[in-house]
Structure formats: structure tokens, C-alpha cells
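Notes for the one structure printed next.
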Protein chains: 2
Amino acid sequence: MLQLRDLPTPETLHKFAQRYPEADISAISSFLHLLRVATDLSSALDECLQRHGLLQGRWWVLILLMREESLSSMPSTLADKAGVTRATMTGLLDGLERDGLVERIFDAQDRRRVSIRLTTSGQARLDQVMPDYYSRLRLCMAGLDEAQRAQLQAMLGHIASNVDAFTR
Amino acid sequence: MLQLRDLPTPETLHKFAQRYPEADISAISSFLHLLRVATDLSSALDECLQRHGLLQGRWWVLILLMREESLSSMPSTLADKAGVTRATMTGLLDGLERDGLVERIFDAQDRRRVSIRLTTSGQARLDQVMPDYYSRLRLCMAGLDEAQRAQLQAMLGHIASNVDAFTR
DNA sequence: TTGACATTGTTAGCTTCCTAACTATAATGT
DNA sequence: ACATTATAGTTAGGAAGCTAACAATGTCAA
């Protein structure tokens with residue numbers, strides 16, 4: 001995703017809007033601000049995770065496993081839930097297995113299947129990361145009270161319901 | 001950045017909050033929704049750009065060049081403005097130059113420097129992409145009126161000013 | 001029963017991001 | 001004047017994303 005260190009000035013937006021009459025200045029501005037804040041949050045999250053020797057993709061896989069009663073799931077399910085391809089998931093699991101945070105268990109019934117299981121070492125790593133992550137997140141969102149958070153989510157919902165307009 | 005196809009249910013959040021008392025449920029929820037919408041928007045943008053044979057990183061470089069009066073800039077400046085390292089910018093420029101959208105002009109005065117210039121072909125590509133992008137963006141943000149957009153930006157500002165709390 | 005199809009996971013090769021190290025050039029201080 | 005330091009850009013190697021192709025295994029219908 002774009003990093004967007006340098007958002008357009010009002011002058012720049014105006015200049016672009018002159019050349020491209022399709023431009024809706026406040027729409028562009030809101031969109032870019034949203035992406036900007038999201039990427040800033042994502043970078044901050046990266047930094048937090050790296051202190052614990054994790055990267056976003058791998059960390060999210062651990063969380064998905066911890067959500068399961070059995071602490072295990074299949075690569076294809078994990079790929080769907082994480083929003084990546086199965087090929088990408090293979091790579092993430094390779095890394096996690098190499099670090100001993102996860103183990104592959106081959107299914108004897110259906111020999112195409114593999115079960116991915118969170119190891120005790122993986123659980124321990126999460127127990128180390130999550131309190132830190134949650135504490136930081138609490139501080140980060142402290143600027144908004146409950147009502148504002150609800151309002152933010154409502155507005156995000158309005159956008160989300162129109163995202164397919166972008167694609168179509 | 002994470003794709004987050006599968007946000008946690010209230011039950012899952014509750015379960016995690018029991019294990020990790022640092023968790024602030026509404027903070028987590030708002031944070032994840034924000035990331036989710038941003039990544040959805042980013043994917044939609046990807047799809048739009050790919051129809052015109054562009055990728056986000058390269059597209060943004062073209063925009064940064066078009067902002068300049070001279071239609072040119074330096075790799076290091078572009079890297080700063082795009083929020084990527086100079087090494088990454090080298091790679092982006094390699095691709096853009098190979099496609100003829102940009103040209104490298106070596107500085108005779110200071111022989112360390114290279115000037116990157118948007119070619120007429122690069123400008124033409126932008127003229128093809130931008131109206132499409134702006135039209136889609138307009139539709140996508142149509143769910144929010146001007147007041148709501150201003151409100152959204154204000155709330156994003158509140159979060160942005162606390163992002164460093166995440167890092168520190 | 002066997003031929004066609006579907007599913008699971010992997011590999012291979014590309015892009016884009018990173019950090020660290022390097023080359024070449026310019027600027028500066030003693 | 002010359003050694004040090006700073007700057008500009010690149011290269012090398014890694015991670016994480018993609019698509020496309022593939023092997024192995026199951027399933028199902030004729």
C-alpha cells in the first residue's frame with residue numbers, strides 16, 4: 001500500500017482539478033487522508049511487532065489460529081481469512097514453522113490436507129506481543145471517545161458499502 | 001499491509017480481552033475497521049490502475065512528477081515524498097524507465113545527481129488514468145456529504161496525532 | 001471402473017517493499 | 001592540500017504479496 005508521505009496541497013488539488021474535471025476535491029482529500037492514517041498505523045504496528053520478532057502477516061496467522069478452539073486450522077482457510085492467496089500462505093507458514101511457532105500436521109484421512117497448529121512457543125510469543133500491542137492501541141485511540149468511535153465506524157461503513165463502485 | 005478479510009466477532013474480542021486485560025474493545029474494533037476499509041480501498045485502486053497497466057507505487061511517482069512545474073525531480077526527493085527508501089525508488093524508476101514513462105537525465109554539474117523527468121508518454125498515461133480514477137473515487141465517496149467528510153477528516157486527525165504513542 | 005473434474009497445497013518467477021553495504025562524487029575542516 | 005565526512009544513487013539479499021502452472025489426492029457420473 002502507498003505510504004503517502006506528501007499529501008497534495010490545496011493548490012495542487014486545484015491544479016489537477018482544472019486538468020481533470022472529474023475530480024471531486026473533498027472526496028480526494030478524504031480518501032487520501034484515510035489512506036495516510038491507515039498506512040501510518042500500519043507502519044507503527046510493524047514497528048511494534050518487530051520488537052517481538054514478528055511481521056504483520058505472520059502475526060495475523062498466529063491470531064487466527066488462537067481464535068480457534070483447537071488452536072489449529074487449514075492453510076486454505078487461513079488464506080481466506082487473512083485475505084491472501086494460498087501461495088502466499090504457504091510462504092508465511094514456512095517462515096512460522098521455521099521459527100517453531102506453528103507446526104504442520106499431515107491428515108491421514110484426506111492426504112491432500114494439512115492441519116496447521118499453534119505451538120506452545122507460538123502461544124507464548126502471542127502472550128508476549130498482545131499486551132504490548134493492546135496497550136499501544138489503547139493510547140493511540142485515546143483521542144476519540146466512545147461516541148466518536150461509533151461515529152467513525154459508521155462513516156467507514158458508508159464508504160465500505162460503496163467500495164465496489166470503485167471496482168465496477 | 002494486512003488484508004483482514006475476517007474481522008473478529010464480538011465473542012472473539014471478548015475472549016481475547018479476558019486473556020489480555022490491556023485490551024480496549026472499542027479501540028481495537030475501530031482500528032481494525034479503519035485498516036479494513038483502507039485495504040479495501042487500496043485493493044480497489046490497484047484494480048483500477050491495473051486496467052491502465054500501472055501499479056500503485058509507479059502511479060504515485062508519475063503523480064509526484066506531474067505536480068512539479070518542470071515535470072521532473074530527483075530520486076531522493078521522490079523517495080521522501082512517496083515514503084519509500086531510495087533503494088525502493090531505484091526499483092520503481094527502473095520499471096517506469098523501461099516502460100518509457102519516465103527518463104533519467106544525468107546532471108553534468110553534480111555528477112552524483114540524476115534528474116527524473118516525466119515523458120510525454122508518461123503524461124499521456126496519466127491523462128488516461130486520472131479521469132477514470134477520479135470518477136470512481138467520486139462514486140465511492142458519494143455516501144458522505146461535505147459535513148461528514150469534514151468530520152471524518154477531523155477524527156482521522158485525532159488518531160494521527162496519537163500514532164506516535166504507538167511507536168514510543 | 002474409469003475418465004473427467006474439483007480440491008489442496010506447493011513451486012516458480014515477477015513486483016515492491018525493506019536493510020545494509022557499496023561506489024562515486026562533492027563539501028569541509030584542519 | 002588532503003583526509004574526513006556527507007550525499008546520491010545503486011546493488012545484493014530477504015520478506016511478502018501476486019499469478020500461473022503443477023502434482024497429488026478425492027469425488028462423482030457414465
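The chains referred to below are lettered A, B, ... by the order of the sequence lines, with proteins before strands, and numbering in each begins at 1.
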Whether the side chain of R112(A) engages the backbone of D107(A) through a donor-acceptor N/O pair (distance < 3.5 Å, no angle test) should be reported. no
Can a donor-acceptor pair be found, under 3.5 Å and without considering hydrogens, that links the side chain of S161(A) to the backbone of H158(A)? yes
What's the CG-C1' distance between L54(A) and dA16(D), to the nearest Å? 14 Å
Specify the separation, in whole Å, of atom CD1 of I116(A) and atom P of dT8(C). 14 Å
Flag, side chain of S72(B) to backbone of S115(B), donor-acceptor distance under 3.5 Å: no
Nucleotide dG14(D), atom P - distance to CD of Q50(A) in whole Å: 17 Å
For S26(A), is there any backbone N or O sitting under 3.5 Å from a side-chain donor or acceptor partner on S30(A)? yes
Contact list for DNA chain C against residues 89-112 of chain A - heavy-atom distance below 4.0 Å: T90(A), R104(A), R112(A)
Output the rounded distance in Å from CZ (R86(A)) to P (dC18(D)). 12 Å
Can a donor-acceptor pair be found, under 3.5 Å and without considering hydrogens, that links the side chain of K15(A) to the backbone of R67(B)? yes
For T88(B) and dT16(C), is the shortest distance between a side-chain N/O and OP1 or OP2 below 4.0 Å? no
Are R136(A) and E22(B) close enough for a salt bridge, meaning some N to O gap below 4.0 Å? no
The complete set of salt bridge (Lys or Arg N to Asp or Glu O under 4.0 Å) pairs with one or both residues in residues 141-162 of chain A, sequence neighbours excluded, reads E146(A)-R149(A), R149(A)-D24(B)
Does R58(B) put a side-chain nitrogen or oxygen below 4.0 Å from OP1 or OP2 of dT16(C)? yes
Can you check the L45(A) CG to dC17(C) C1' distance for me, whole Å? 16 Å
Could you tell me whether R86(A) and D80(A) have a side-chain N and a carboxylate O separated by less than 4.0 Å? no
Without decimals, in angstroms, what is the distance between R113(A) CZ and dT10(C) P? 14 Å
Would you mind reading off the distance between D46(A) atom CG and dA16(D) atom P, rounded to a whole angstrom? 10 Å
Salt bridge or not for D94(A) and R104(A), using N-O below 4.0 Å? yes
Within residues 69-85 of chain A, those residues having any heavy atom closer than 4.0 Å to DNA chain D are G83(A), V84(A), T85(A)
Could you tell me how far apart Q56(B) (CD) and dC17(C) (P) are, to the nearest whole angstrom? 8 Å
